[in-house]
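Notes to accompany the following structure.
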Amino acid sequence: MQFLKVTPQAEPNIALIELNRPKELNALNLQLMGELRDTLKALDQDPEVRVIILTGNARAFAAGADIKEMAGRTAVDMLNIDQFSTWDQIKKTKKPIIAAVSGFALGGGCELAMTCDMIVASETAQFGQPEIKIGTMPGAGGTQRLTRSVGKQWAMEMVLTGQFMSAEKAYQAGLVNKVVPVELYLSEAFKLARQVAAMSPISVQLAKESVLQAFNLTLNEGLLFERKNFYLTFASEDQKEGMQAFVEKRTPNFKGK
Ligand code: CAA
């Protein structure tokens, strides 16, 4: 991998992906996004992995798509290269992905964090969709996911002015799960990951899928989808183990079966 550091077992059942293009503030070029697609696909199929943490470094999670790579392209180039198709794997990943964000999460960097399932931020994190300042607009979900997270008014202001949102404001607005001092953001992401990794991976996947459907389906369709996934958990040994452990007043040992 040229632009990623991947540790499939950073801790038992927890994989760590570090964006590693520090001089360019982890700008997301085609090569990096291709590596991320392939890595997520492999980790999603690895039975030893239950949760994935995606991070950058203290200065930057990612400062967006690579402007220098894109600058000279025509619309036909953009259509042919279709760079955002590599992003579809992130959306398709069944295992939960936690973004651990410090510093800049801008443009595609903000969109990448929002495509993950939860965000742990350092106090220095800054979220923004500044594409408008370079004569374009968000293209990897910014107008959709930001609006769903923080509401129309904030999303509109950020997308139309390029203004950044601080970590504290992002927390108040519901964009991030936690804000912690910069030296703790990665360890806090691991804490959250450990909690999820201790659950039945089958239930976690079905529950993640159900939550995400809340954005795609009507309430009635979503409720039906949820109900079927709930019933499906009863096909697993983990459901039997979880309920038996409750009755026996002990910690369940989930095996992903
Ligand atoms: N693409 C390519 N290179 C980038 C980059 C990007 N998105 N962001 C930063 N860099 C590069 C800089 O060009 C610079 O490289 P050089 O040293 O070779 O000049 C290096 O990273 C360090 O950046 P700065 O010197 O600019 O650092 P700074 O601290 O002064 O500013 C910043 C930091 C405010 C993040 C500034 O770099 C910036 O505004 N970056 C661009 C942010 C942006 O517009 N992102 C949206 C991109 S478009 C997009 O993402 C579309 C989409 O929807 C997916």
Side-chain angles (χ1 to χ4, degrees), residues 2-5 17-37 39-40 54-93 97 99-116 119 121-150 152 154-170 175-176 182 185 215:
Q2 192 180 348
F3 296 127
L4 297 184
K5 273 195 224 163
I17 305 174
E18 295 166 90
L19 305 176
N20 189 27
R21 252 195 116 195
K23 272 205 269 170
E24 293 82 6
L25 306 182
N26 291 331
L28 307 167
N29 62 6
L30 286 175
Q31 169 75 25
L32 185 156
M33 288 310 298
E35 289 176 15
L36 185 58
R37 175 200 53 212
T39 300
L40 286 172
L54 177 64
T55 196
N57 55 54
R59 184 166 178 224
F61 178 71
D66 190 320
I67 299 170
K68 292 168 193 164
E69 188 181 63
M70 282 185 303
R73 288 198 190 129
T74 65
V76 174
D77 294 335
M78 291 304 272
L79 276 173
N80 285 340
I81 295 166
D82 195 14
Q83 68 189 74
F84 296 139
S85 63
T86 57
W87 291 60
D88 292 343
Q89 178 58 44
I90 311 166
K91 202 174 63 175
K92 272 195 267 175
T93 302
I97 311 174
V101 175
S102 181
F104 300 114
L106 304 177
C110 186
E111 291 165 314
L112 181 58
M114 290 191 294
T115 312
C116 296
I119 303 177
S122 89
E123 284 167 349
T124 62
Q126 297 192 74
F127 297 86
Q129 297 292 159
E131 293 91 340
I132 203 82
K133 291 190 189 168
I134 53 169
T136 181
M137 59 172 280
T143 64
Q144 303 304 299
R145 292 200 174 90
L146 189 63
T147 307
R148 282 165 163 83
S149 277
V150 304
K152 178 188 143 190
W154 270 106
M156 201 62 98
E157 192 170 330
M158 288 169 74
V159 169
L160 299 189
T161 70
Q163 179 190 315
F164 297 169
M165 185 181 259
S166 69
E168 192 47 45
K169 177 70 206 166
L175 181 61
V176 306
V182 64
Y185 73 99
F215 296 113

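Both ligands and their constituent atoms are indexed starting at 1 by order of listing.
- Here the CH2 atom belonging to W154 is positioned 11.5 Å from the CG atom belonging to L175, to the nearest 0.5 angstrom.
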Would you mind listing each N/O atom of ligand 1 next to any protein N/O under 3.5 Å, plus the distance?
from     : atom 1 : to   : atom 2 : distance (Å)
ligand 1 : 1 (N)  : A65  : O      : 3.4
ligand 1 : 1 (N)  : I67  : N      : 2.9
ligand 1 : 7 (N)  : A63  : O      : 3.0
ligand 1 : 7 (N)  : A65  : O      : 2.9
ligand 1 : 13 (O) : K68  : NZ     : 2.9
ligand 1 : 15 (O) : K68  : NZ     : 3.3
ligand 1 : 18 (O) : K68  : NZ     : 3.4
ligand 1 : 21 (O) : K23  : O      : 3.4
ligand 1 : 27 (O) : R59  : NH2    : 3.3
ligand 1 : 29 (O) : R59  : NH2    : 2.9
ligand 1 : 45 (N) : A63  : O      : 3.0
ligand 1 : 50 (O) : A65  : N      : 2.9
ligand 1 : 50 (O) : G108 : N      : 2.8
ligand 1 : 53 (O) : E111 : OE1    : 2.8
ligand 1 : 53 (O) : E131 : OE2    : 2.9
ligand 1 : 53 (O) : G139 : N      : 2.9

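- For the 3.5 Å distance criterion, the side chains of D77 and T74 qualify, holding a donor opposite an acceptor.
- To the nearest 0.5 Å, atom CD of residue E35 and atom OG1 of residue T86 are 11.5 Å apart.
- Considering only heavy atoms from C-beta on, I132 stays 4.5 Å or farther from V159 through its side chain.
- Geometric assessment of K91 against the ring of F84 yields a negative cation-pi assignment under the 6.0 Å and 45° thresholds.
- Within the structure, every pair that satisfies the salt bridge (charged side-chain N to carboxylate O under 4.0 Å, His left out) test and touches residues 54-67, not counting sequence neighbours, is listed here: R21-D66.
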